[in-house]
There are 2 protein chains.
Amino acid sequence: MKTLKQMDRGALSDALDHAGQRTTPQREMVFSILLDERNHPTADEVYTRTKSRMPTISMATVYNCLEALVTCGLVKQVNIEREPTRYCPNLSPHAHFHCRETGRVYDVPVPEGMMKDLVKVLPGNYSADSVELVFRGHLEKGKTK
Amino acid sequence: MKTLKQMDRGALSDALDHAGQRTTPQREMVFSILLDERNHPTADEVYTRTKSRMPTISMATVYNCLEALVTCGLVKQVNIEREPTRYCPNLSPHAHFHCRETGRVYDVPVPEGMMKDLVKVLPGNYSADSVELVFRGHLEKGKTK
DNA sequence: AATTTGATTTAGAATAATTCTAAACTATAT
DNA sequence: ATATAGTTTAGAATTATTCTAAATCAAATT
């Protein structure tokens with residue numbers, strides 16, 4: 001896929017606009033890269049991929065664009081154990097699974113309302129606006145369920 | 001508290017021994033510092049506190065000691081959003097709450113078996129050996145429950 | 001008791017992800 | 001057309017952590 005779908009393009013400029021930020025070719029390209037291959041790339045990986053299609057872009061701009069996308073709510077940062085930050089455009093509630101063998105990170109959809117239920121373990125004066133759930137382990141091959 | 005309780009001292013040398021590592025004054029001191037004030041200090045904070053009682057210790061040694069304690073299972077690393085790694089000697093199952101206002105991290109005990117239940121959201125070929133649950137938000141003052 | 005062995009400690013250098021800085025560029029508003 | 005403000009860019013700076021190599025220490029062996 002080479003460019004942003006009309007739908008995503010609209011979502012992007014709406015979201016940026018709403019946050020008082022401009023829609024730029026670099027931001028569109030970075031967003032498109034993230035949507036294209038949703039394997040939780042690091043800033044460095046995003047830089048490499050983006051550069052292949054927009055050779056003049058700089059690392060600083062990639063960081064800037066990623067930050068803009070995070071700020072306007074279209075992208076989430078995923079941090080696993082002090083490894084470089086990864087970027088994830090999946091906005092539906094999900095957990096992450098970190099494979100010790102490959103280092104890859106997978107989205108794990110969680111049932112409706114589960115994240116809500118989790119906050120019930122908090123004492124009454126703890127008010128949480130975000131819940132992060134990360135599993136670590138390995139993938140067993142050949143076993144689907 | 002100035003030194004390690006007899007119980008903790010035993011647990012420490014047992015655990016180190018089991019991992020093929022020696023019990024040293026530096027490791028005892030760092031462990032004692034962690035047990036003394038359980039507020040999830042960073043390596044830097046551990047260094048400062050340790051230095052006040054053992055002025056010759058170096059930063060590298062603090063990192064070495066913390067790593068030894070983690071390796072032998074007495075201490076857990078807590079990573080929140082690419083902030084410096086924090087160290088936590090609480091071995092019972094618990095979640096963490098990260099206050100956006102103060103930056104402090106609190107342990108939140110979770111009911112027996114809850115962590116076990118969480119892994120059930122994983123597809124059958126995902127095998128998890130650790131579950132991490134982090135809440136982010138703020139503490140409401142004056143409200144206890 | 002002296003010596004070898006291997007682990008540990010230490011200071012300082014190196015690394016690496018990220019942020020900062022200041023100048024150049026761009027687009028929009030005036 | 002011009003001014004204004006946001007954005008991009010290269011490169012420097014920052015910072016937590018790891019690495020390196022020498023010095024120290026403790027246990028095991030002679």
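Chain letters run A, B, ... following the sequence lines, proteins first and then strands; every chain starts at 1. Keep in mind that the numbers below use all heavy atoms, side chains included, and drop hydrogens, waters and symmetry copies.
- Regarding contacts with the backbone of dT10(C), a side-chain N or O of Gln26(B) is found under 4.0 angstrom from either OP1 or OP2.
- Residue Asp44(B) contributes atom CG, which lies 14 Å from atom P of dT18(D) at whole-angstrom precision.
- A tilted orientation is assigned to the rings of Tyr106(B) and Phe97(B), their planes being inclined by 30° to 60°.
- Considering all non-hydrogen atoms of both residues, Val108(B) and Val121(A) come closest at CG1-O, 3.7 Å.
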field: salt bridge (Lys or Arg N to Asp or Glu O under 4.0 Å) between Asp129(A) and Arg100(B), intermediate numbers included
entry: CA-CA 10 Å; Asp129(A) 55 68; Arg100(B) 289 187 196 282; 2.4 Å; yes
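- Taking side-chain N and O atoms only, Thr24(A) has no distance below 4.0 Å to OP1 or OP2 of dG6(D).
- OP1 or OP2 of dT8(C) sits under 4.0 Å from a side-chain N or O of Arg27(B).
- The OH atom of Tyr47(B) sits 17 Å away from the P atom of dT15(D) (whole-angstrom rounding).
- Thr42(A) comes within 4.0 angstrom of no nucleic acid atom, judged by non-hydrogen atoms across all strands.
- Only Ser58(A), Ala60(A), Thr61(A), Asn64(A), listed by number, bring a heavy atom of residues 58-77 of chain A to less than 4.0 angstrom from any atom of DNA chain D.
- Looking only at distances, a side-chain donor or acceptor of Thr50(A) sits under 3.5 Å from a matching main-chain atom of Val46(A).
- OP1 and OP2 of dT8(D) both lie 4.0 Å or more from every side-chain N or O belonging to Thr56(A).
- As a whole-Å value, the separation of Gln21(B) CD from dC25(D) C1' is 16 Å.
- Taking a 6.0 Å sphere around CZ of Arg38(A), one finds it holds more than 12 heavy atoms contributed by other residues, nucleotides or ligands.
- Counting to the nearest Å, the P atom of dA17(C) and the OH atom of Tyr87(A) are 12 Å from each other.
- Atom NZ in Lys51(A) sits about 11 Å away from atom C1' in dA10(D), given to the nearest Å.
- Put simply, CG on Leu16(B) is 21 Å from P on dG6(C), counting in whole angstrom units.
- Residue whose closest nucleotide on DNA chain D sits further toward the 5' end, between Pro25(B) and Asn79(B): Asn79(B).
- Listed for the Arg82(A) side chain is a donor-acceptor partner under 3.5 Å among the backbone atoms of Glu83(B).
- Rounded to an integer number of Å, the gap from Glu81(A) CD to dT17(D) C1' is 14 Å.
- Between Arg82(B) and dA17(C) there is no side-chain N or O to OP1 or OP2 distance below 4.0 Å.
- Distance alone, capped at 3.5 Å, places no donor-acceptor pair between the His94(B) side chain and the Asp107(B) backbone.
- A straight line from CE of Met54(B) to P of dC25(D) spans 12 Å, rounded to a whole angstrom.
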